[in-house]
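What follows is one structure encoded as structure tokens, with my remarks underneath.
Predicted model, so just to flag it, every value in this text is computed and none were measured. Just so it is clear: chains get the letters A, B, ... in the order the sequence lines come, proteins before strands, and each one is counted from 1.
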Protein chains: 2
Amino acid sequence: MRKIAERIEYSPTTIYLHFKDKQALFQELCAVDFLAFARVFERVLKVKDPVERLRKIGLTYVKFGLEHPHHHRLMFMTPHTPVDPEPGSIQKGNPDQDAYALLRLTVEQALEAGALRTDLGDADALAQVLWSGVHGVVALQIAKGNDAWIDWKPVAKTAERMVEAMIHGLAAPRAARRS
Amino acid sequence: MRKIAERIEYSPTTIYLHFKDKQALFQELCAVDFLAFARVFERVLKVKDPVERLRKIGLTYVKFGLEHPHHHRLMFMTPHTPVDPEPGSIQKGNPDQDAYALLRLTVEQALEAGALRTDLGDADALAQVLWSGVHGVVALQIAKGNDAWIDWKPVAKTAERMVEAMIHGLAAPRAARRS
DNA sequence: TCCGATACTTAACATTGTTTCGTAACGGAT
DNA sequence: ATCCGTTACGAAACAATGTTAAGTATCGGA
């Protein structure tokens, strides 16, 4: 707080005129981050093939997390109080503002195209697996990437392997694929 | 610190006779946790088939994280200062005390058995992908599991799907399998 | 001119990690 | 028995940080 105040050249107390407390401020910051986050995914829309788009989404997620580790930590590695009271600025379910909705939608399209296995669950189930996979790559890198205990492979490589493994693992067997 | 002091019925100062500072205390706690963590994996040794063991390792990782979320957070979601000065209590590379070594070893065995793809990297590469995958499931659950924004599937299910997808995605194609 | 709202700050308070200093207890050497 | 050093501990104080209470300056309108 005091650091922030100094940075914006105001007194610490002034911040409390705009935000109830530290948590409220971070929540707002988080909302802004989520919008920026969603905007990053606008570009993947130009990839038309659903499966290729899933690959792109995964790699984009990792790229964002690695380029903005602090934001990633705030958004995805820090529990926030039940974030109920703010359906304000960002729209759930709208793929333009809600990146999860975009992921889910793309999984749905891939399912409809018969490109993904149907025996593991619905679109939400597969979306959450994919999300978890790429999230793990970023989260481990951020939290333990500097830990000399492990002989880490380059994160970018791990991300590629992760996406390849998951997509391949979730892909419908050729027998069940309709052209 | 004061809470801890109260809990152990000593004065806060006394803690500093045993630990340099809060960080040192947490580091020690972390080391203890890692030993307990490794002990959990002793039981997977009875699974002889390397690939099945990898499945078991993954599910065990998730189980541990969900049963001890605070410890998981401390161990895998919190960056610690370069942990160099303590090759003391825990042995790197010994599968009995170092769970990553066990994972890596099992991947090696699976590779030797011709059960895993060889085009994605060596044992470390595959081990890190597998670790990241299951870690992502736990980490997302801990950090965002209470977030109503997402319609979460049950974590246990997601974990199973994750393991299934990764193992299947990393498995050697039947044509390349020997035996 | 007065008034109230607006925007901001200074000072103080509570909590928490940490350091300084003092003290009680104990074991051995004289 | 006395002295002394070590060990184990705590009370008080300090520093940093989130937060609140109270006060001040400015400005637009009645």
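- When the side-chain nitrogen and oxygen atoms of B:T14 are compared with OP1 and OP2 of D:dC9, none of them lie within a distance under 4.0 Å.
- Taking 4.0 Å as the cutoff to heavy atoms of chain B, we find the contact window on DNA chain C bounded by C:dT16 to C:dT20.
- Here the CG-CZ distance, from A:D49 to A:R55, works out to 9.5 Å after rounding to the nearest 0.5 Å.
- Ring geometry, A:H68 versus A:F64: the interplanar angle falls from 30° to 60°, so the pair is classed tilted.
- Atom CD1 of A:I15 is separated from atom P of D:dA21 by 18 Å (rounded to the nearest Å).
- Projected onto DNA chain C by closest heavy-atom contact, B:P12 and A:S11 fall at different nucleotides, the more 5' of which corresponds to A:S11.
- Atom C1' of nucleotide D:dT17 and atom NZ of B:K22 are separated by 13 Å, given to the nearest angstrom.
- Rounded to whole Å, atom C1' of D:dT17 lies 13 Å from atom CD of A:E6.
- Rounded to whole Å, the distance from CZ on B:R2 to C1' on D:dA16 is 12 Å.
- What separates NZ of A:K3 from C1' of D:dG18 is a distance of 13 Å, to the nearest Å.
- Relative to the side chain of B:H18, the nucleotides D:dG10, D:dC9, D:dT19 differ in distance, and D:dC9 lies closest.
- Here B:L105 contributes atom CG and B:Y100 contributes atom OH; the two are 12.0 Å apart, rounded to the nearest 0.5 Å.
- The distance from atom CG of A:L29 to atom NZ of A:K22, rounded to the nearest 0.5 Å, is 12.0 Å.
- Remark: C1' of D:dA8 and CD1 of B:I8 are 13 Å apart, rounded to the nearest angstrom.
- The distance between the ring centers of A:H18 and A:Y10 does not fall below 6.0 angstrom.
- Rounded to whole angstrom, the span from the NZ atom of A:K20 across to the C1' atom of D:dT19 amounts to 10 Å.
- Between A:F76 and A:Y61, the distance from one ring center to the other falls under 6.0 angstrom.
- The shortest distance between the side-chain N/O atoms of A:Y16 and the OP1/OP2 oxygens of D:dG18 is not below 4.0 Å.
- In this structure, A:Q128 contributes its side chain and B:K153 its backbone to a donor-acceptor pair below 3.5 Å.
- Atoms CD1 (A:I4) and C1' (D:dG18) sit 11 Å apart, rounded to a whole Å.
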